[in-house]
Amino acid sequence: MEKREIIFEGNEKQVFATDDQDQVIFRYKDVTVAYNNVKRARFKGKGALDNQISAILLSYLNEHGVETHYIETLGEQEQLCRKIEIIPLQVVVHNRIAGSLAYRLGVPEGFRHENVIVDLRYNNDELEDPFINRDHAVALGLATYQELDRMYDIARRVNELLKPLFLQAGIELIDMKLEFGRASDSGAIIISDEISPDTCRLWDLETGERMDKDRFRLDLSRVVENYRNVLERLQKVIKS
Ligand code: C5P
């Protein structure tokens with residue numbers, strides 16, 4: 001497999017074409033951004049940690065019947081992925097209310113609820129990723145109702161699989177953002193993009209300490225140390 005030209009340059013990752021039209025190479029950078037790119041920093045080693053954590057979670061999903069774009073890890077910061085047509089939506093699953101949802105609903109962070117909440121956002125930097133509903137997404141031609149049903153079903157399944165996996169690692173999965181695409185090899189709706197402490201809220205089960213990107217967002221320090229802790233705990237669970 002041959003690495004070819006760059007086809008996407010994001011803040012936190014790069015995507016390269018390969019000599020296979022259905023495969024791309026994903027490269028995780030050490031750069032991190034927050035608040036719609038207003039806050040930015042570089043953490044040495046973070047790209048490699050995101051790459052490894054994402055590889056564990058995405059291959060776990062692949063092995064449990066949830067199709068994702070992940071194929072294999074190529075190097076410290078790179079993984080081989082199935083090529084997708086991007087669906088510019090974010091499906092956010094909440095097990096407890098935190099972050100912007102806590103602000104929107106006027107409840108304290110960590111608010112407990114019985115049901116699982118699934119939110120939809122339009123992935124659009126200029127509009128600051130606004131919350132939308134299914135009708136908006138269909139009206140804009142972003143996805144069909146059938147595709148949205150499929151994305152919601154997959155998102156709930158991902159949560160059912162990852163919540164207990166994190167629990168075994170002594171971590172509570174508070175919320176997570178998922179992105180989807182249409183696989184170029186089959187047309188199937190599959191999970192694209194990473195799943196990592198950058199895209200999830202992860203709280204230590206015992207201490208409640210944040211182990212995710214909120215450490216950067218809220219200037220809590222020890223960002224890389226916490227990401228490494230998440231990786232080491234997941235590695236232990238996967239090995240056992
Ligand atoms: O920012 P907010 O509180 O709405 O985030 C909800 C979840 O989605 C968090 O886990 C956050 O890390 C993730 N998220 C993301 N990318 C965004 C916005 C939120 O991964 N652009």
Side-chain angles (χ1 to χ4, degrees), residues 8 10-13 26 28-29 31-41 43 46-47 49-51 53-54 57-58 61 68-69 86-113 115-133 137 142 151-152 154-156 158-159 161-163 165-167 169 171-181 191-205 208-220 223-224 226-227 230 234:
F8 170 80
N11 287 306
E12 298 174 323
K13 59 195 71 115
F26 234 66
Y28 292 83
K29 298 186 193 175
V31 173
T32 192
V33 296
Y35 304 124
N36 206 27
N37 308 337
V38 170
K39 194 171 160 124
R40 163 186 290 265
F43 294 103
K46 195 182 97 54
L49 290 166
D50 281 335
N51 188 30
I53 295 169
S54 219
L57 298 175
L58 294 174
L61 293 176
T68 79
H69 73 163
I86 292 173
I87 300 175
L89 292 170
Q90 302 175 355
V91 179
V92 187
V93 182
H94 304 264
N95 294 309
R96 277 167 79 174
I97 295 179
S100 71
L101 186 60
Y103 179 77
R104 249 192 328 147
L105 299 185
V107 297
E109 278 225 296
F111 183 88
R112 291 177 191 273
H113 45 94
N115 58 334
V116 172
I117 300 170
V118 184
D119 259 329
L120 192 63
R121 296 177 85 149
Y122 179 19
N123 206 348
N124 183 316
D125 280 353
E126 270 177 42
L127 300 177
E128 300 187 4
D129 303 339
F131 286 94
I132 61 171
N133 65 32
L142 307 178
M151 288 160 63
Y152 274 64
I154 297 171
R156 287 179 186 278
V158 168
N159 190 48
L161 288 165
L162 296 191
K163 201 176 155 191
L165 182 75
F166 276 117
L167 269 186
I171 295 170
E172 188 174 350
L173 175 61
I174 303 294
D175 62 27
M176 72 181 147
K177 180 220 46 165
L178 299 170
E179 293 193 23
F180 293 84
I191 298 276
S192 62
D193 209 4
E194 67 188 296
I195 305 181
S196 75
D198 274 359
T199 61
C200 300
R201 279 199 174 85
L202 303 169
W203 292 2
D204 183 284
L205 199 56
E209 193 167 8
R210 295 171 197 259
M211 306 177 76
D212 55 63
K213 197 176 193 172
D214 274 350
R215 299 207 70 82
F216 167 62
R217 291 190 190 101
L218 306 173
D219 292 320
L220 295 177
V223 176
V224 171
N226 273 278
Y227 280 42
V230 171
L234 284 174

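Atoms considered below: every heavy atom in the structure, side chains included; atoms not considered: hydrogens, waters and symmetry mates. Remember, it's 1-based here, ligands and their atoms both numbered in the order they're listed.
- Heavy-atom proximity to D129, at under 4.0 Å, picks out these atoms of ligand 1: 21 (N).
- Looking only at side-chain heavy atoms (C-beta outward), N37 and N11 come within less than 4.5 Å of each other.
- Although no hydrogens or angles enter the test, the distance criterion places a donor-acceptor pair under 3.5 Å between the side chain of D129 and the main chain of N124.
- For the atom pair CD1 (I171) and CG (D212), the distance works out to 10.0 Å, reported to the nearest 0.5 Å.
- Figure legend: cation-pi geometry between K46 and Y227 absent, as NZ or CZ is not positioned both under 6.0 Å from the six-membered ring centre and within 45° of its axis.
- Every atom of ligand 1 with a heavy atom of R217 under 4.0 Å away is listed here by number and element: 11 (C), 12 (O).
- Counted by atom type alone, S196 and Y28 present zero donor-acceptor pairs between their side chains at under 3.5 Å.
- Nearest protein heavy-atom contact of atom 6 (C) of ligand 1 is R201 NH1, 3.5 Å.
- The proximity of Q90 to ligand 1, defined as any non-hydrogen pair under 4.0 Å, is limited to the side chain.
- The option from I195, L178, D214, D175 that lies nearest to atom 10 (O) of ligand 1, judged by heavy atoms, is D175.
- Within ligand 1, counting atoms from 1 as listed, the ones closer than 4.0 Å to a heavy atom of D198 are 12 (O), 20 (O).
- Scanning E109, K177, R121 for the heavy atom closest to atom 15 (C) of ligand 1 points to K177.
- Near C200, the atoms of ligand 1 lying under 4.0 angstrom from a non-hydrogen atom of the residue are 10 (O).
- Of the candidates P197, S100, A102, it is S100 that places a heavy atom closest to atom 4 (O) of ligand 1.
- Taking all atoms of both residues into account, the shortest heavy-atom contact from R201 to D214 is NE-OD2, 2.7 Å.
- A donor-acceptor pair under 3.5 Å links the side-chain atoms of R96 to the main chain of G110, judged by distance alone.
- When each atom of ligand 1 is checked for a heavy atom of G99 under 4.0 Å away, the hits are 3 (O).
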